[in-house]
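First the proteins, then the strands, lettered A, B, ... as listed; each starts at 1.
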Amino acid sequence: MRIGYPCVNEAMDCSSGNTFRLASYSEERLIAAVTANLACLRRMLEWNVAQGLLFFRIGSSIVPFGSHPINTYSWQTHFAADFRAIGDYIKANNLRVSFHPDQFVVLNSPSPDIVQRSIQELVYQGSMLDLMGLDGTAKLQIHVGGLYGEREQAMIRFAQVHATLPEAVKARVVVENDDRLYPLRDCLELHQLTGVPILFDNFHHECLNHGEPMAEALRLAAATWHPTADGVPMMDYSSQALGERKGKHTDDLVDERFREFLTHLHGHDFDVMLEIKNKEASALRAVAILRELGLSAAAPDIPSPPLTLPAVPKARRVAKAVG
DNA sequence: CCCTGTCAAGAATCA
DNA sequence: TGATTCTTGACAGGG
């Protein structure tokens, strides 16, 4: 079992999401942003390895406007060596990475333009994994999409578009149950239609389900992953923020909820992405809990117990703190 | 320096 | 039809 967190490390002084406004697009700015983003990504992965965090979701804007027509720069060629070096590091350290294209990727939209843009975004993000030299176990995680007042028809559209995806993309796409529109049962139906693996989200399942107990839901989702082609099933973990709107994630890992969740696994292995506001801090606690239970897998020998590195405050914060 | 409106992209909900 | 929410940070312009 690997533990991960998404996109941002709050204890570090760099971001892999440097970007700029479309209106100020220039090749110079693009190159500067990608250079900085890849350097930071590398540093975050190294930090993660040192802490025993072997799963990581890479942010979508490593290459600003990566699928936008304005971006005609051949970044794939220009940064090929950098991507490859990062991929080598990932493989050498038994890391696993993924992407989660955001809400604008909607494969089942009735609009052909939206579908086309969505595919281009998947091609962009998938090509980064290709450039890293990673196999099909590095995934692109998306939701089913909209309902449009016709659930079955909308699901069929997803399947039809899925069938047309470039093979390189299709091998990486996984679909996640969401908390409002498409629960696990619909994802299972889509798996039947397309073979797409299901990335299970426990919290979304708590919000929207057909009565499947957690342990059963985990078993059903895990069974949609091909052991070698897809790898260990991935899942997102979070829990309800008490006293907040339904569906709101907690700011911090609730240890007892996490321990309780682990009891439902019954020996199924998952790589777990913690969708919790304080990012790596919670991920470190999760690792500690797993070690305590003897469930921590992947990393051979992790040295010292996880410690919280002193945060290097962002420039902004320094200014505030000082005066 | 600081504050704040706005940002490529979608969809559902509600007024 | 239009504003709001999801979800979130940070860019960028103006004070």
Side-chain angles (χ1 to χ4, degrees), chain A residues 5-26 28-30 32-34 36-37 40 44 57-73 99-125 140-151 153-155 157-158 161 175-183 186 201 203-204 207-208 236 238 240-241 244-251 273-280 313-323:
Chain A
Y5 62 96
C7 310
V8 171
N9 183 314
E10 295 182 330
M12 290 181 61
D13 61 349
C14 71
S15 157
S16 68
N18 290 285
T19 185
F20 46 84
R21 296 290 166 85
L22 180 60
S24 48
Y25 182 93
S26 74
E28 292 67 36
R29 291 200 67 160
L30 179 76
V34 176
N37 290 343
C40 183
M44 287 195 286
R57 180 186 299 163
I58 305 174
S60 294
S61 59
I62 293 287
V63 180
F65 308 101
S67 68
H68 192 282
I70 199 174
N71 186 343
T72 56
Y73 182 68
F99 282 98
H100 190 345
D102 61 26
Q103 75 228 54
F104 307 110
V105 171
V106 185
L107 293 185
N108 77 347
S109 171
S111 156
D113 287 346
I114 291 169
V115 171
Q116 216 38 52
R117 283 195 287 273
S118 297
I119 293 173
Q120 284 315 301
E121 181 70 13
L122 290 172
V123 166
Y124 148 59
Q125 298 197 22
L140 302 170
Q141 162 185 359
I142 60 175
H143 292 285
V144 180
L147 285 176
Y148 314 100
E150 38 161 26
R151 179 182 304 263
Q153 205 46 47
M155 287 172 58
R157 270 203 309 278
F158 180 100
V161 171
V175 68
E176 174 190 357
N177 59 305
D178 69 68
D179 60 349
R180 295 182 308 131
L181 309 177
Y182 289 99
D186 292 330
D201 184 308
F203 184 30
H204 292 167
C207 295
L208 184 70
D236 286 349
S238 60
Q240 174 69 43
E244 294 278 357
R245 166 187 55 74
K246 183 185 174 193
K248 169 100 169 146
H249 296 176
T250 49
D251 290 349
M273 181 68 61
L274 296 183
E275 291 197 319
I276 296 177
K277 197 176 178 65
N278 67 358
K279 309 283 179 184
E280 80 287 346
K314 307 205 158 134
R316 189 77 174 229
R317 296 250 175 80
V318 173
K320 248 179 209 163
V322 170

Inset, instruction - Rounded to the nearest angstrom, tell me the gap between atom CG in A/Asp113 and atom P in B/dA8. - result: 19 Å

Inset, instruction - Please answer whether the main-chain N or O of A/Val106 pairs with a side-chain N or O of A/Ser118 as donor and acceptor at a distance below 3.5 Å. - result: yes

Inset, instruction - May I ask you to evaluate whether A/Arg29 reaches the phosphate of C/dA12, defined as a side-chain N or O under 4.0 Å from OP1 or OP2? - result: yes

Inset, instruction - Among B/dA8, B/dA11, C/dA12, find the nucleotide with the atom closest to the side chain of A/His68. - result: B/dA8

Legend entry - Distance test, side-chain N/O of A/Ser118 to OP1/OP2 of B/dA9, below 4.0 Å: no

Inset, instruction - Please name the pair of heavy atoms, one in A/Ile276 and one in A/Thr250, separated by the smallest distance, quoted to 0.1 Å. - result: CG2-O, 3.7 Å

Inset, instruction - Measure from the side chain of A/Thr19, starting at C-beta and using heavy atoms only, and say which of B/dA11, C/dC11, B/dA12 lies closest. - result: C/dC11

Inset, instruction - Determine whether A/Ser60 and A/Gln125 make a side-chain contact, defined as any pair of heavy atoms from C-beta on separated by less than 4.5 Å. - result: yes

Legend entry - 5'-most by nearest nucleotide on DNA chain C - A/Gln103 or A/Arg21: A/Gln103

Legend entry - Touch class at under 4.0 angstrom, heavy-atom based, for A/Ile70 against every strand present: nothing

Inset, instruction - With P as the reference atom in both, quote the distance from B/dG5 to C/dT4 in angstrom, rounded to an integer. - result: 13 Å

Inset, instruction - Take atom CD of A/Glu121 and atom C1' of B/dG10, then tell me their distance rounded to the nearest Å. - result: 13 Å

Inset, instruction - Give the rounded distance in Å between these two atoms: CD of A/Glu275 and C1' of C/dC6. - result: 13 Å

Legend entry - Any-strand Watson-Crick or G-U partner of C/dT7, both distances under 3.5 Å: none

Inset, instruction - Check whether any side-chain heavy atom of A/Leu107 sits under 4.5 Å from a side-chain heavy atom of A/Leu122, and report yes or no. - result: yes

Inset, instruction - Check whether any side-chain N or O of A/Ser67 sits under 4.0 Å from OP1 or OP2 of B/dA9, and answer yes or no. - result: no

Legend entry - Nearest-angstrom distance from the residue atom OH of A/Tyr124 to P of B/dA8: 15 Å

Legend entry - A/Asp102 CG - B/dA9 P separation (whole Å): 11 Å

Legend entry - Stepwise side-chain contact (heavy atoms from CB on, under 4.5 Å) check, A/His143 with A/Tyr182: CA-CA 8 Å; A/His143 292 285; A/Tyr182 289 99; over 6 Å; no

Inset, instruction - Would you classify A/Tyr148 as touching base, sugar-phosphate or nothing, given that sugar-phosphate means primed atoms plus P, OP1 and OP2, and contacts are heavy atoms under 4.0 Å? - result: sugar-phosphate

Inset, instruction - Using a 4.0 Å heavy-atom cut-off across all strands, classify A/Ser109 as base, sugar-phosphate, or nothing. - result: sugar-phosphate

Inset, instruction - Tell me which nucleotide among C/dA10, B/dA11, B/dA8 gets nearest to the side chain of A/Phe65. - result: B/dA8

Legend entry - Options C/dC11, B/dA8, B/dG10, nucleotide nearest the side-chain atoms of A/Phe104: B/dG10

Legend entry - Flag, side chain of A/Asn108 to backbone of A/Arg157, donor-acceptor distance under 3.5 Å: no

Inset, instruction - Using the P atom on both, measure C/dG9 against B/dA11 and round to a whole Å. - result: 25 Å

Legend entry - Counterpart base for B/dC1, defined by Watson-Crick or G-U wobble contacts under 3.5 Å: C/dG15

Inset, instruction - Return the value, rounded to whole Å, for the distance between atom NE2 of A/His100 and atom P of B/dG10. - result: 17 Å

Legend entry - Between P of B/dA12 and CG of A/Asn108, the distance in whole Å: 9 Å

Inset, instruction - For A/Gln120 and B/dA9, give me the distance from atom CD to atom C1', rounded to whole Å. - result: 13 Å

Legend entry - Same-atom distance (P) from B/dT6 to C/dA3, integer angstrom: 12 Å

Inset, instruction - Indicate yes or no for a side-chain donor-acceptor contact from A/Glu275 to the backbone of A/Pro6 under 3.5 Å, with no hydrogens or angles considered. - result: no

Inset, instruction - Counting heavy atoms from C-beta on, name the nucleotide in B/dG10, C/dA12, B/dA8 closest to the side chain of A/Phe20. - result: C/dA12

Inset, instruction - May I ask you to verify if any side-chain N or O of A/Arg117 is less than 4.0 angstrom from the OP1 or OP2 atom of B/dG10? - result: yes

Legend entry - Nearest-nucleotide pick for A/Ser15, side chain only, options being C/dA10, B/dA8, C/dC11: C/dA10

